[in-house]
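For reference, the structure discussed in these notes is given below.
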Amino acid sequence: MSENVIEVRELTKIFATGWGRKKRVEAVGDLDLAVARGEIFAFLGPNGAGKTTTINLLMGFLRPTRGSIKLFSSPPEARHVRSRTGFLPENYAFYSFLNGPQLLDFFGRLFRIPDRLRRSRIEQLLGQLDLWEARNLRIGKYSRGMRQRLGIAQALLNEPELLILDEPTSGFDPLGRRMVRQLLLQLKQRGSSIFLSSHILSEVEAICDRVAIVNRGKMVRQGSLKEVIGSHEGIEITFTDPGGSVRSQLQELNLKISAVSEQFMTFAGDEALGQHVVDAIRLGGGTLRAYLPVARTLEEVFIDLVGDQERARVSNTAGREEQ
Amino acid sequence: MMVWLIAGIVLRRLLRSKLLGITLVIAILIFALLSSSLLMLRNARSAGDTEVANQLSANVILSALALMGFFACLVGLANGVTVIRREIREGTIFSVLSKPLTRAEYLLGSYIGSLVYLSFVWIIFGLLYLGLVYLTRQPMGKLLGLILLARWVYSVLMMSVAFFLALRFNAWIAVVLSVVVYNADSLYNIFPPLLRLVHVELPDWVKGTVLFLFPSTNSLDVLFESLLKARLNPAPVQWAFLSLIDYCAIMVLLAWVVFRRQELSPSTE
Ligand SMILES: Nc1ncnc2c1ncn2[C@@H]1O[C@H](COP(=O)(O)OP(=O)(O)O)[C@@H](O)[C@H]1O
Ligand SMILES: [Mg+2]
């Protein structure tokens, strides 16, 4: 038996849309994923990258055009898979005519959790997620944040071994986000795996072990947080530019700049490149005021990678048009 | 077990809609519509005109049934089309189907929930019906009960057809097709005479196929109308019922065939 709770091979999903279903959209293309037991895996990409499509494939709501999906070494619909998985959809919606405990009771029965245990777990979860006070309120009257917390609660109801969350923090205020983070870390400590998608990187950076970055349905990069960020060391410099020629010197270096102002710049690169930059500043008649190697954030890596790809794509299509 | 849980939640959702209230209003309206006939009936009775009285009472009962049946079919049609589509559109289906239950259980639960709801509609109508039977003093008690049952089955049939078609087609196409399928055997009767006008005679097997493929929604009506005048011969009634119930079962089966492998995504709506 493999230790991977999720194993996805060459997953491709092509939607046929439009009149006569002639227009084909490749939402996911040749995706390979492996999520190990006990890790928090962040599935990252801009809007429209194919994250939700992938997750709907993982949950068996969509059927792959090609490729295979295994959760706990079984197909997604298998009953034992469902019993061990918790899921929060992207645009979650719950029966608005029930109140929180009623909804969780309904789901708990679907999970076949015995009466006593079900009741105590519901009470505990509602308490943890700050929903106990509102236990008599219909879900239809919930605020956005409450609804989101209820969504998390129903996903945790069966103490899942695998938690799949599609953009779990998008509706939260900062306090709520922290609560979710803590819950996820708790779950991880119990040995569960978590697969979450997001387009807001700063939120997952603090908790995830491994990340996959997708763009336009294709895997851009996958690896441990260190691997992905570490390979993109950055440098922050402050300098003076009295003659105005430092700027043109720097331009010739074709830097990957992520932040820039008149006398300040952050760019991707290692020590060697940093040395070139320092030389360029001198050559342009400026002085270096500060030089600071920085660990780059996931956000910057992401913009770099996805930005690169977009640039390549644009120039590709431009090239094709010229021919 | 899972099926009943789903049926329960579907029923609760349907009960929150205003449809039962509307049914009550419709029942009162039907009663008001028939009140003049009831008055005439009383006058005929007091004048000792039994011939006219019998005619009138049969008319009251039959038109009440037709009106109730029509409305119940609308309810069945609406519920059949929307019961699962709405869950997909609103997104409530996804958190449910991610739990350990099969799509078959979900489908059957939704169907049963709608079925029970439709039966609630018929409880209201049944009470109205009992009242009318009492007021008109219709003598054929058992037979009248059967007719009521037949109307209930008709509305269930409409719901079942819509239930299947709504999974396969978009909502409005499903509505139109359901009405066509439901009325196919009446609609079919229009074609042969039309074709005869241009000297085309349809072979027998065409009629046979049509009658085989579509539910015989006229059969019970025709049967009962004749029975109101003559005596009851039970065998054909049972067969007609059975064929309609079979048809409902086949619709649910077909719905499952479609739903089993259906792609569910909020953007397909
Ligand atoms: N049911 C569908 N039919 C056609 N195209 C779809 C469907 N669902 C998603 N897509 C397309 O697939 C791409 C990926 O969408 P999605 O998975 O929702 O991205 P993300 O969740 O990363 O924002 C988008 O271009 C979207 O338009
Ligand atoms: Mg998405």
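Each chain gets a letter, A, B and so on, in the order the sequences are listed, and its residues count up from 1. What you are looking at is a predicted structure, and each value in this text was computed from that prediction instead of being measured. Quick note: numbers below take in every heavy atom, side chains included, and nothing from hydrogens, waters or symmetry partners.
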**Asked** Looking at A:Arg109, A:His80, A:Glu77, A:Gln102, which one has more heavy-atom pairs under 4.5 Å with chain B than the rest?
**Response** A:Arg109

**Message:** If we define contacts as heavy-atom pairs under 4.5 Å, which of B:Thr102, B:Leu101, B:Leu97 has the most with chain A?
**Reply:** B:Leu97

**Prompt:** Looking at side-chain heavy atoms only, is the closest gap between B:Leu19 and B:Asn79 below 4.5 Å?
**Reply:** yes

**Item:** Distance-only polar pair, side chains of B:Glu87 and B:Thr92, donor-acceptor under 3.5 Å
**Value:** yes

**Request:** Output yes when A:Lys13 and B:Glu263 qualify as a salt bridge under the 4.0 Å nitrogen-oxygen rule, no when they do not.
**Result:** yes

**Prompt:** Quick one: do the A:Glu167 and A:Tyr92 side chains pair a donor with an acceptor below 3.5 Å?
**Reply:** no

**Prompt:** How would you list, by chain and number, every residue that makes a side chain to side chain donor-acceptor pair (under 3.5 Å) with B:Tyr111, sequence neighbours excluded?
**Reply:** B:Ser160

**Message:** Salt bridge or not between A:Glu90 and A:Lys51? Use side-chain N to carboxylate O under 4.0 Å.
**Reply:** no

**Asked** Checking B:Arg16 against chain A: side chain, backbone, both or neither under 4.5 Å from a heavy atom?
**Response** side chain

**Item:** Contact check, side chains of B:Val10 and B:Tyr117, non-hydrogen atoms, under 4.5 Å
**Value:** no

**Prompt:** Do A:Leu163 and A:Ser192 come close enough that some side-chain heavy atom pair is under 4.5 Å?
**Reply:** no

**Prompt:** Does one side chain, of B:Ser265 or A:Asn56, offer a donor that lies under 3.5 Å from an acceptor on the other?
**Reply:** no

**Residue part contacting chain A, namely of B:Arg103, when any heavy atom lies under 4.5 Å** = side chain

**Message:** Counting only non-hydrogen atoms closer than 4.5 Å, can you tell me which residues of residues 61-70 of chain A sit against chain B?
**Reply:** A:Phe61, A:Leu62, A:Arg63

**Segment of A:Leu98 engaging chain B (4.5 angstrom heavy-atom cut-off)** = side chain

**Message:** Is B:Gln262 in contact with chain A via its backbone, its side chain, both, or neither, using a 4.5 Å heavy-atom distance?
**Reply:** backbone

**Complete:** Highest number of heavy-atom pairs under 4.5 Å with chain B among A:Ser83, A:Pro89, A:Gly60 belongs to A:Ser83

